[in-house]
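Comments concern the structure below.
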Protein chains: 2
Amino acid sequence: MSGLSDPKARLREICRIAARVFYEKGYDGASMQEIAQAVGLTKAGLYHHVGSKDNLLFEIMNYGMDILDETVLARVQNIQDPREKLRQTILGHIDLIVRARDLEITVILHENRSLQGELREKINCRKRAYVNYLKDLIAEVQKQSGRPALLSPTLAAFYLLGLVNWLYQWYRPEGTIGQAELGRATVEFFFRGLLGYTPEEGTRASS
Amino acid sequence: MSGLSDPKARLREICRIAARVFYEKGYDGASMQEIAQAVGLTKAGLYHHVGSKDNLLFEIMNYGMDILDETVLARVQNIQDPREKLRQTILGHIDLIVRARDLEITVILHENRSLQGELREKINCRKRAYVNYLKDLIAEVQKQSGRPALLSPTLAAFYLLGLVNWLYQWYRPEGTIGQAELGRATVEFFFRGLLGYTPEEGTRASS
DNA sequence: GATCTGATAGACCGCTCATTCAAAGTTACC
DNA sequence: GGTAACTTTGAATGAGCGGTCTATCAGATC
């Protein structure tokens, strides 16, 4: 743990490592002793950095939302075309779920049970903001299509989250499907479900 | 716990109740003491019926797969039309996930971490059988459409599982969407994603 | 050097955990 | 009624849990 003089960076590193332990053992199944060992400290040393196990989970989830903001939302915010924006959002989200580096952090965002009270509400608030962002963007895409909506933006947003967030249950990067192919297929599947066609096919269907 | 003289039925009732506790607290977060209390026994009494916590989880998951077999697969097996068979499968699966009675049992099937060794492999084997059933059925539906497949049956099967299995994260029966509407919307969304159209729309798209 | 702060550790605390055991209670059968 | 089988219990076990406390050390600042 040398070379990490910035407390914030230190905490993030601890979160990253702890997230891996939580991912593997589950929140309740992972002990602070295990996490401390993984981090390279004693338990008391770990407690210096995080107030409690609960607080550690909160920090990890908060960090996960930060990552989502920084690597997905920030990158699409200047895209004007709603379809392209949605497409890039999906690809960015998939990247988080399946890429090796911080996948545990993003997956742990689904841990709904253990965090309680105020901390839970903070994370839920951030999650809801993401869902609302998706809803609004989907509504724009539907409007852009010039066709009657086939389903509500809310339903579509949750379907999208199901498609993407379930990936960690079955997708293996070393499997037969590359990440780019997965991204493409998922985007297309989703757009067909949403609009009845994929935007590239739109012109063909109207002729 | 009177009136349950059949040991098998007894075990099932214990599974049902335990599943609720596990659903609420998580496998690791739920203690055998809590489960015993919920069942109406002491901990030692509970251990008479289940060998261990692990074994209880296995029994619950096995029971979950039984329920899936009995209430979904058994009911569609005489349907000849692949599309209709797939549709009914989806609706049946959704019913398990969102209906009140045994939703905890079916949701707990996603608990991948805690079960180990031989028991885990038994459940995984049953799960794989279901995935393979979906794949094969999807492949039939694609073939039936007479169009080139837009994505592999494997991908489509996992997308379907994502859509359905994620429902428990967001769907609330008391919300604005009734179960029938949810089922219809999900089936349609999936068929559009799979085929590029919903089978009822097929004739329109070709004209 | 003195003081302060942040970081870390060893030892410990009170409690809970899954599981077990001997004993007691209940039911079924002859 | 007697007996065997089944069911349940109270108490206990050893291990492990999240968290705390005192002490020490290193680095920064005056």
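In what follows, chains are A, B, ... by sequence order, proteins preceding strands, each numbered from 1.
The main-chain N or O of B:F58 is never found under 3.5 Å from a side-chain atom of B:N62 such that the two would form a donor-acceptor pair.
Here the side chain of B:S52 is nearest to one of D:dT8, D:dC17, C:dT19, namely C:dT19. Nearest to the side-chain atoms of B:K53 among the listed nucleotides D:dG19, C:dT8, C:dA18 stands C:dA18. Nearest nucleotide to the B:K43 side chain, out of C:dA18, C:dA7, D:dT7: C:dA18. Checked against D:dT8, D:dG18, C:dG10, the side chain of A:T42 finds its nearest nucleotide in C:dG10.
Distance, B:L41 CG to C:dT20 P: 17 Å, rounded to whole Å. Between A:E34 atom CD and D:dG18 atom C1' the separation is 13 Å, expressed in whole Å. Protein atom CD of B:Q37 is 15 Å distant from nucleotide atom C1' of D:dT8, rounded to whole Å. B:Q33 has its CD atom 13 Å from the C1' atom of D:dA11, to the nearest Å. Distance A:N55 CG to D:dG18 P: 15 Å, rounded to the nearest Å. Between the C1' atom of D:dG19 and the CD1 atom of A:I35 lies a distance of 13 Å, rounded to the nearest Å. Rounding to whole angstrom units, CE of residue A:M32 and C1' of C:dC13 are separated by 17 Å. For the pair A:H49 NE2 and D:dG19 C1', the computed distance is 16 Å after rounding to whole Å.
Taking the nucleotide of DNA chain D with the nearest heavy atom to each of A:G51 and A:G29, the more 5' of the two is matched to A:G29. Along DNA chain C, the nucleotide nearest to B:Y27 and the one nearest to B:A44 differ in position, and the one closer to the 5' end is contacted by B:Y27.
The side chain of A:H48 places no N or O atom within less than 4.0 Å of a non-bridging phosphate oxygen (OP1 or OP2) of C:dT8.
The aromatic rings of A:H110 and A:Y168 sit tilted, their planes meeting at an angle between 30° and 60°. Between B:W170 and A:F158, the ring-plane angle classifies as parallel under the 30° and 60° cut-offs.
Each of B:Y133, B:F190, B:Y130 was scored for a ring pair (Phe, Tyr, Trp, His ring centres under 6.0 Å) with B:H93, with one residue passing: B:Y130.
Across all strands shown, B:A30 has heavy atoms under 4.0 Å from sugar-phosphate atoms exclusively, and none from any base. Counting non-hydrogen atoms under 4.0 angstrom, B:S31 reaches the backbone sugars and phosphates but no base.
Using a 4.0 Å cut-off between charged side-chain N and carboxylate O, A:E140 and A:K143 make no salt bridge.
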